[in-house]
Amino acid sequence: MRYWLMKSEPADVSIDDLASFPDQSVAWYGVRNYQARNFMRDQMAIGDGVLFYHSNCKIPGIAGIARVSTTAYPDAKQYDQTSKYFDEKATPEQPRWFNVDVQLVKKIPLISLSELRLHPELERMRTLQQGNRLSITPLDPLEWNYITTVLVRD
DNA sequence: GCCAACGTTGGC
DNA sequence: GCCAACGTTGGC
């Protein structure tokens with residue numbers, strides 16, 4: 001059982017979008033970074049904990065708790081010529097990009113990035129490190145526990 | 001819209 | 001295999 005922080009741009013898929021989808025789940029398509037891909041392909045398992053993070057928006061931060069609901073499978077968008085995620089070097093025989101499905105557990109009152117930065121317990125979190133751009137990062141179980149038990153209020 | 005950080009590309 | 005140029009991310 002592992003824990004992850006996964007960034008989504010709410011203009012693309014927000015926590016409310018996720019809540020409205022069938023099974024409240026979504027294919028985590030569009031990851032085009034090898035390190036993030038490898039996390040999904042090689043390390044994620046069904047049931048892993050996910051912090052659903054809103055990035056590139058007015059108030060970035062953690063918007064919900066979710067879970068990994070499938071193992072990794074080829075990202076369909078890599079074959080879609082009309083998609084910005086199309087990859088001409090990918091074939092069904094040799095897919096290059098993978099994704100898991102992520103399912104909502106619960107929406108939470110937003111924990112903003114600026115609030116996260118106030119907690120010394122979280123200072124080692126990768127998402128808080130300067131210059132970090134990875135859209136998927138592993139979370140230390142202590143960080144997961146701190147966020148989901150101390151910071152989530154409702 | 002700025003720009004720092006950093007990943008990728010491609011010439012050599 | 002180096003590394004400069006370029007593109008992207010994402011907070012501010």
Side-chain angles (χ1 to χ4, degrees), chain A residues 2-21 25-44 48-68 72-140 142-144 146-148 150-153:
Chain A
R2 291 184 167 95
Y3 303 98
W4 309 94
L5 183 144
M6 300 176 75
K7 295 180 188 173
S8 182
E9 302 193 7
D12 186 4
V13 179
S14 72
I15 194 77
D16 290 327
D17 292 333
L18 181 63
S20 74
F21 292 154
S25 80
V26 67
W28 208 268
Y29 61 81
V31 169
R32 295 295 179 268
N33 169 284
Y34 288 105
Q35 205 177 344
R37 178 203 68 180
N38 292 349
F39 285 142
M40 289 197 285
R41 191 191 58 185
D42 304 336
Q43 295 193 34
M44 284 193 187
D48 280 4
V50 173
L51 298 178
F52 189 102
Y53 181 94
H54 280 175
S55 71
N56 198 18
C57 58
K58 197 158 190 179
I59 308 180
I62 297 166
I65 311 292
R67 63 189 284 274
V68 174
Y73 59 92
D75 179 340
K77 305 261 185 201
Q78 69 194 305
Y79 312 127
D80 176 0
Q81 293 200 35
T82 67
S83 169
K84 69 172 180 171
Y85 299 116
F86 176 67
D87 185 337
E88 61 179 5
K89 292 179 181 163
T91 66
E93 293 72 32
Q94 281 216 308
R96 180 181 286 198
W97 305 109
F98 292 80
N99 63 250
V100 297
D101 286 2
V102 170
Q103 182 176 41
L104 182 66
V105 173
K106 67 171 175 177
K107 181 179 172 178
I108 62 172
L110 187 83
I111 306 170
S112 68
L113 176 60
S114 57
E115 180 178 352
L116 292 171
R117 290 196 194 284
L118 296 177
H119 297 269
E121 293 86 350
L122 302 177
E123 64 187 6
R124 294 180 64 249
M125 258 180 76
R126 283 187 71 174
T127 306
L128 304 189
Q129 305 306 309
Q130 186 184 26
N132 175 72
R133 298 185 313 174
L134 254 194
S135 63
I136 299 175
T137 49
L139 276 176
D140 188 288
L142 292 173
E143 294 164 349
W144 166 270
Y146 186 79
I147 291 168
T148 57
V150 179
L151 298 191
V152 174
R153 7 152 239 277

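As a basis for the values below, the full set of heavy atoms in this structure was taken, side chains included, without hydrogen atoms, waters or symmetry mates. Here is how names work: the chains are called A, B, and so on, in the same order as the sequence lines, proteins then strands, and each is numbered from 1. In this text, all values refer to a predicted model and were calculated from it rather than measured experimentally.
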Original post:
Between A:N99 and A:Y73, do the side chains contain an N or O donor and an N or O acceptor separated by less than 3.5 Å?
Top reply: yes

Original post:
Closer to the 5' end of DNA chain B via nearest nucleotide, is it A:Y34 or A:Q130?
Top reply: A:Q130

Original post:
Which residues satisfy the side-chain hydrogen bond (donor to acceptor under 3.5 Å, both in side chains) test with A:S112, sequence neighbours excluded?
Top reply: A:S114

**OP:** Map A:Q35 and A:K89 onto DNA chain B by nearest heavy atom, then report which one ends up closer to the 5' terminus.
**Re:** A:Q35

Subject >> Salt-bridge contact A:D75-A:R32 (side-chain N to carboxylate O under 4.0 Å) >> reply: yes

Subject >> Leading and trailing nucleotides of DNA chain C with any atom under 4.0 Å from heavy atoms of chain A >> reply: C:dG7 to C:dC12

Original post:
Picking from A:F86, A:Y34, A:W28, what satisfies ring-ring contact (aromatic ring centres under 6.0 Å, His included) with A:W97?
Top reply: A:Y34

Original post:
Residues in salt bridge (Lys or Arg N to Asp or Glu O under 4.0 Å) with A:R133, at least two apart?
Top reply: none

